Amino acid sequence: LSSRDLTSYRAGDLSDGQPAQLADVLERVLDKGIVIAGDIQVNLLDIELLTIKLRLLIASADKAKELGIDWWEGDAFLSSRGERQALEERVRRLEEERGIEGETASSALGERSER
Amino acid sequence: VSSALEARREQSLGTCWYLYGVVPASSAPDERFDWPSVTATGQVDVLGEGTLAAVVTPAPAVDFDQPGLDAHLQDAAWLESKIRAHEQVLERVLAHSSVLPFRFCTIYRSEESVRGFLRERRAELEAALGQLAGRVELGVKAFADRKRLAHRLGSGVQDEGLGEGESGGRAYLERRLAEQRSADDLERVALELVEAWHEELMAHAAAGTFLRLQTPEASGRPDDMLMNAAYLVEANDRGFIDAVAALRGEYEALGIVFELTGPWPPYNFVPDEAGTG
């Protein structure tokens, strides 16, 4: 890194000119930032489910496909609320299993060992 | 699909305002003609209201109001491009000004509605901007090949040229290595390392938080991610970057790689009280 002041960096410069990894963008733009409902009610269930799905996609595209969650290839969201809840439960269980829900470094080195 | 029909539908539905973030009116960016936006042709506008300004794009309601928006939200390609546009606009803003980033898809039905929001929430928004003034978010990730790390730890680090260093981290690591050999121990050592790194970086940050660890598919690196964290740092202070450079030098021989990303709009550090009311 040069000795320039950070103020002279354009945003993203520290990433060596590479576009930001999608995962880094998603975990910020979808998960964080100020939430103040605008005039338009975005279906929270959709966004919630979407975030879960994106997370799952990040965790493993293969695993998502295995579960039939190949929504990025064009399938619609599940139609009924019951199906959605079932899917959400399934995704949550999977996330817990894989340890990708934790906010800390508790799964450092990828394979968590039982304590 | 008739474009005339499309245009008429668009016209009848009108325009809504997509809100990216809020900035102090005094530092709002004024040259934005070549900026990206969440629409194909729309530009990024700044709506000043007193001391605050909203960074917005007038967007066709056919895409950003119901039912069109609901349909788009199910389209992964649409989502990715809009999410990236949202981020890119805020990155441009950040080059000019402190910014309070808003979550994806914060949309108003009229310009007056955006202005009303700025007036009503002025105190909270100003307070939040005050906390973020002059600060940016930096991301720090650490990676290592688990097997290689275990091997190096297990076979003695002196071979790797780590022995001569007297610096705290390495000396500590060597001491731990003498004691810890099993996989479980390795895990524990890694956690302690992450804590030590975090502590060192926090000495140069106003705040810090751990993010979810990413898999190789997400991170784009084959190695295991040991740490994924975000820090709020003074934009004109190099201490943090120097600290990351020091960690790089210190742990290079162990095959641990540190990745620095940003500067990001401070997504991870928007004050709670500004976020939910």
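It should be emphasised that the depicted structure is a prediction, and the values quoted were computed from it without experimental measurement.
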Taking atom [atom1] of [X] and atom [atom2] of [Y], what is their separation to the nearest 0.5 Å?
| X | Y | atom1 | atom2 | value |
| --- | --- | --- | --- | --- |
| D24(A) | T261(B) | CG | OG1 | 5.0 Å |
| I40(A) | Y18(B) | CD1 | OH | 11.5 Å |
| D39(A) | F117(B) | CG | CZ | 10.5 Å |
| Q214(B) | L26(A) | CD | CG | 9.5 Å |

Please look at [X] and chain A and tell me whether the side chain, the backbone, both or neither of the residue comes under 4.5 angstrom of a heavy atom of that chain.
| X | value |
| --- | --- |
| F240(B) | neither |
| Q88(B) | neither |
| E80(B) | side chain |

Measuring only between side-chain heavy atoms, which start at C-beta, is R28(A) closer than 4.5 Å to L211(B)?
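Yes - at least one pair of side-chain heavy atoms lies under 4.5 Å apart.
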Validation row: W264(B), V25(A) side chains within 4.5 angstrom (heavy atoms)
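A side-chain contact exists here, since the closest heavy-atom pair is under 4.5 Å.
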Between E27(A) and N268(B), do the side chains contain a donor N or O and an acceptor N or O under 3.5 Å apart?
no
Set out, in order, the CA-CA distance, both residues' side-chain angles and the distance that settles side chain to side chain contact (heavy atoms under 4.5 Å, CB included) for R103(B) and V29(A), then state yes or no.
CA-CA 6 Å; R103(B) 195 169 291 192; V29(A) 177; over 6 Å; no
